[in-house]
Amino acid sequence: MNAAHGIQSAAWLLVVLPALSAAFLLLMGRRADKWGHLLGAIVPVVLFGYAAMLFFSIKSESGQGRIRDLHLFNWIPVGGFNVDVGFQIDPLSLTFVLLITGVGSLIHIYSVGYMSHDEGRRRFFGYLNLFIAAMLLLVLADNYLTLYVGWEGVGLASYLLIAYYYNRDSAATAAKKAFIANRVGDVGLSIAIMLMFAYLGTTSFNGVFAGAGNLSHGVVTAIALMLLLGACGKSGQFPLQTWLPDAMEGPTPVSALIHAATMVTAGVYLIARSAPLFNLTETGRTVVTIVGAITLLYGCVCAFGQDDLKKVLAYSTVSQIGYMFLAVGLGPGVYAIGILHLVGHGFFKAALFLSAGSVMHAMNDRIDMRRFGGLAKVMPITYGVFVCGYLAIIGFPFATGYFTKDKIIESAFDKGGTSGWILGLAALLGAALTAFYMTRALLMTFHGAKRWEDDVHPHEAPRTMTVPMILLGFLALVGGGALTFGGGLQNWLEPVVGKPEEAGVHTISPTVLLALTLVVVAGGVAGAYLVFGRRPVPVTQPAGSPITVAARRNLYADAFNESVLMRPGQWLVRGLVFFDNKGVDGAVNSVAAGFGGGSGRLRRIQTGFVRSYALSMFAGAAAVLAVLLAVRFS
Amino acid sequence: MHNVSLLLLLAIPLLGSLVIFALPTGRDLLAKQVALVFSIATFAFAIVLGFLFKVSDNRADRFQFQGSWTWIRSFGVHFAFGVDGIALVLIGMSTLLVPVVVLASWNSFDSVADAEEIAAENAPKRSAKTYFALLLLLEVFMVGVFAATDVFLFYVFFEAMLVPMYFIIGSFGGPRRQYAAVKFFLYSLLGGLLMLAAVIGVYVSAGTASFAFTDLVGHVPNGATQKWLFLGFFIAFAIKAPLVPFHTWLPDAGAEAPAGGAALLVGVLDKVGTFGFLRYCLPLFPEASRYFAKPILILSVIGILYAAFLAMGQRDMKRLVAYTSIAHFGFIGIGIFAFTTQGGTGAVLYMVNHGLSTGLLFIVIGLLVARGKSRLISDYGGTARITPRLGGVFLLAGLSALALPGMSTFISEFLTLLGTFTRHKGIAIVATAGIILAALYVLLLYQRTMQGPVLEKVKGFRDLNARELFAVGPLIALILVLGVYPKPVIDIINPAVKFTMQDVGKTDPQPVSAAQPGGHK
């Protein structure tokens, strides 16, 4: 590991600058209302510029020389537990830094327009900057405990932004739910870190990875599974997925930046970062792939039951991150493909969300697709950007998903054995379902007859919004091709996550699989067209088949949580409160009364007059004196 | 050894208290100014001592600024003071809280009240003079209890603390203040008597004809005697801390005490209990400490979960905070009785951070209650919309209570869990569930009071003014700074914890794979 030098030594600015800007915006109060959003928007642009310079300074090195460590200060030194705050600047963290600041800049600029009518715009930008600071800390940290600070920091920013319209009960509740689900995951991360310290005496990436080889398989698996629990909480994966769709209560740019492109992919980052640990445990990796496969199908099914455009995209995010989990769970050689899909997803999902936001902006914040329809003509730019995102996510030839998602399907089959077939088929089925629900969303929103309510007059968004949208739409189309050109991203990531696997034996020939994937995707598109494109869309929700009903109610996951966790929890609390008041305190009161010779006397003590106080003090003093004398003369 | 530094530290607030008592009735403003000046002077002096304190692993430097004067010659009782790192940081935290409380309760007890309040039934006493004099008197005893190095003197301060706090609750508290004050007093008195018996028992059984802490360490004979004496101290401290099931006085006292009093009660007085575990139980009774460690750890973990559930069920904000504190004391409990340096240092840091964090929470709730005249959660809603500064401070206080990483409370909570984990994995894992419950009770409270639709009665609230911001500012700043850079405080605490672990005869478990150094293949 080489020390950071030159321009790299200023990497701490990546965290400090947005943190200061956030603090400034939040502390200044209404005085900064006029220009606060501009300061907030310029910060990520500056950071992106710096990150690009960092990229070139690292790129000029080669191999392990591309991993640089920037030691900052000694944080917690207690006995054998000695944690430093330091940054690791390497291809993996830089990929994230560029994604976060790049997509972040575009979304910040978009927000200037999107939030222009909101009186709390300055506060909004303060929270966004706070998020940028925490997210960059998360990906730059060179040890698990510092990572944890960023990890919860993004959770806080996410909480604040979901609850941005905090006078709405639903927003406040959704924010709380997100934070709690994340905390459940954090228990996993905490225990993983404690295991690392107990068995290896360190929490730094270097130290842990170097020592992991000496650990028993059981311990490595335990650490891996605990890390996975943390990752599931943050990334909205099964069984901690239900918070993510609710998080759509936040303003749409937040959904784009935090709940699609960056924060929710932190779980994938955590697993890819911990590649040396996961490489040692087959069991751990298998569980990751199972979680990924279940979640990717779950997300697809739920997505097609939603009438709320943002909810469709949210479940789509859940599902796409499932693909990424599946990829990083496949282990050595496939980590990079997971990251590849992550970056590509960052582009196309941000494009989709921003165009959804543009639709909302035009439709008086209404988001029910049954009340859309025919918007393609009114909002051509928004429509174009949405189509770019759409082509990318379904994996249309040469759009991003074609290069990133199809590789995951291929790698899943290549795992071999029964599990390879199961995972591969799940991923393939997911591709068909994705094409189905995305086509449904596209048709219901932009095509067909217009079903708007009378008071809306949709119009194209202002330029501050359309320019970032167009850029993201462009990235969604060509990003995947550009990132894979000549093995691009995979080679770049090699020093951190290992060599891309040379595909020796394929379960299914890549050409056949490619054709097969295109066929199922085309099937999904055609199916959706037959159901939603050829018939008028009812304005009110039809009864629907049992599957549709279950999909609408997110396969009863919320109902399960409510009846198994929430209700019994409330009963427990009520029971304990009763017990504490009547049982514990009651016992104490009656014992006290007994000593005092009846409750009447106790009440007299409780009059609280100085006289009775003095009396009891006197009694106490007498007792003290008596004991002293007894000791003296014994 | 006649260093007068600590004596001087006690003298400043004592003098301030006497001056205020001597003021003529009705001079409210002057009383407040005197209280503020003297409490700030005390804090400044404590900070100076902090800088003069020598961080050293040398046992001879364990206690510094030592001064000892004979008090009762025939019993070997000394007026003896000295601080180790643990006592020093707790004194620092306590002396910071006092001026903060003075500022925060500036207008709470002016002797001229508005007609509405005078008309109110069962209104608290109104005398700024008495209140602030009692605060400074309390500060004398709080500093004394941490600075005493003579066990008998410690006991005297331990009991003396009750008196000003009794009057602060009983005269200036809420509607049920008298019940709460007497309950607080009786509980503490019971614990105090047990401790007194044990103090005398220690004196007799050690046979060193001295009450000096350093003379007693290592001289209490092993066996049944030590166990009984341990229990005497332990129960007294467990009531004070309080650990479940000795806790039922705290929700009443914490809820009925005026906000400033509650901040000091939970922030400082309760710390004397956990301080007592570390300073007295472990070093004086090492064998008994090890013997009882397991049940105490289990009791602490039960406390973490039990009190957290109870906190969720409260309708009164101050009772809620009191229960959260009981849960937090569970973390301190496991940290101490895990017998590891991480657990011990974490526990001490926890005491400091909890004082800051809960002090802040009680004060901000006090400011809210001063506006809404009710402690009930259901009487508030959407308040952050009307008073964004109050809302922001409330959120920060809540986040520090749920130990958000980046805040000082996270470091201490993580250290107690980590220190416990290396020795008792199961207990640490169960305790970790407490971090989910903490998020629940904090966010529920925040949502119900600050978020949601704005209630009609909340609309007239005024936001925090400069004085109020000035009161909470230092606490927030410290919570954030110590979250990023706790090293100076940790460095002061570390040696004292190490000595304590040596006293109790335990060393840290070593990492399993450390046997193969390097680990490279």
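Numbered from 1 within each chain, the chains take letters A, B, ... in sequence-line order.
Side chain of B/Asp491 to main chain of A/Pro77: no donor-acceptor pair is present (N/O by atom type, distance under 3.5 Å, no hydrogens or angles). With A/Arg183 contributing its side chain and B/Ile435 its backbone, the two residues share a donor-acceptor pair below 3.5 Å.
Of the listed residues (B/Trp249, B/Tyr306, B/Phe246), the greatest number of heavy-atom pairs within a distance under 4.5 Å of chain A belongs to B/Tyr306. Your options are A/Ile193, A/Val85, A/Leu195, A/Asp186, and the one with the most heavy-atom pairs under 4.5 Å with chain B is A/Leu195. Annotation: maximal heavy-atom pairing with chain A below 4.5 Å, among B/Thr345, B/Ile436, B/Thr341, B/Leu415, occurs at B/Ile436. Residue with the most contacts toward chain A among B/His247, B/Met407, B/Arg423: B/His247 (heavy-atom pairs, distance under 4.5 Å). The choice from A/Val184, A/Asn182, A/Thr202 that makes the most heavy-atom pairs within less than 4.5 Å of chain B is A/Val184. Most heavy-atom pairs under 4.5 Å with chain A: of the set B/Val484, B/Thr432, B/Leu440, B/Leu418, this distinction falls to B/Leu418. By number of non-hydrogen pairs under 4.5 angstrom with chain B, the leading residue of A/Phe209, A/Phe579, A/Trp151 is A/Phe579. Each of B/Ile411, B/Val454, B/Thr422 has some count of heavy-atom pairs under 4.5 Å with chain A, and the biggest count is that of B/Ile411. Counting heavy-atom pairs closer than 4.5 Å to chain B, the top-ranked of the candidates A/Asn74, A/Leu156, A/Leu160 is A/Asn74.
Neither the backbone nor the side chain of A/Leu27 has a heavy atom closer than 4.5 Å to any heavy atom of chain B. Only the side chain of B/Pro388 comes within contact range of chain A, with at least one heavy atom under 4.5 Å from a heavy atom of that chain. Using a 4.5 Å cut-off between heavy atoms, B/Ala307 makes no contact with chain A at all. At a 4.5 Å heavy-atom cutoff, the contact between B/Ala439 and chain A is made by backbone and side-chain atoms alike. For A/Leu576, the parts lying under 4.5 angstrom from a heavy atom of chain B are both the backbone and the side chain. With a 4.5 angstrom heavy-atom cutoff, B/Tyr446 touches chain A only via side-chain atoms. Residue B/Leu399 touches chain A through its side chain alone, counting heavy-atom pairs closer than 4.5 Å. At a 4.5 Å heavy-atom cutoff, A/Tyr165 makes no contact with chain B through either its backbone or its side chain. Heavy-atom distances place both the backbone and the side chain of B/Pro453 under 4.5 Å from chain A. For A/Phe73, the part lying near chain B is the side chain, with the backbone staying farther off; criterion is any non-hydrogen pair under 4.5 Å. With a 4.5 angstrom heavy-atom cutoff, B/Lys425 touches chain A only via side-chain atoms. The parts of B/Ala384 that come within reach of chain A are both its backbone and its side chain, each placing non-hydrogen atoms under 4.5 angstrom from that chain. Neither the backbone nor the side chain of B/Arg315 comes within contact range of chain A; no heavy atoms are under 4.5 Å apart. Interface remark: A/Leu26 contributes no atoms to any contact with chain B (heavy atom separation under 4.5 Å). For chain A, the nearby part of B/Gln447 is the side chain; its heavy atoms alone come within less than 4.5 Å. Using a 4.5 Å cut-off between heavy atoms, B/Val244 does not touch chain A at all. With a 4.5 Å cut-off on non-hydrogen atoms, B/Leu349 does not touch chain A at all.
A distance of 9.0 Å separates CD1 of B/Ile490 from CZ of A/Phe81, quoted to the nearest 0.5 Å. Here B/Ile429 contributes atom CD1 and A/Met226 contributes atom CE; the two are 7.5 Å apart, rounded to the nearest 0.5 Å. Here the CG-CG distance, from B/Leu310 to A/Asn581, works out to 8.0 Å after rounding to the nearest 0.5 Å. In this structure, CG in B/Leu417 is found 9.0 Å from CD1 in A/Ile191, a value given to the nearest 0.5 Å. Here the OH-CE distance, from A/Tyr166 to B/Met450, works out to 10.0 Å after rounding to the nearest 0.5 Å.
In this structure, B/Gln342 and A/Gly80 approach most closely via the heavy-atom pair NE2-N, 3.5 Å. The minimum heavy-atom distance linking B/Phe414 with A/Met194 is given by the pair CZ-CG, 4.1 Å.
By the 30° and 60° cut-offs, the orientation of the rings of A/Trp75 relative to B/Phe410 is parallel.
Residues of residues 168-177 of chain A that come closer than 4.5 Å to chain B, counting heavy atoms only, are A/Asp169, A/Ala172, A/Thr173, A/Lys176, ordered by residue number.
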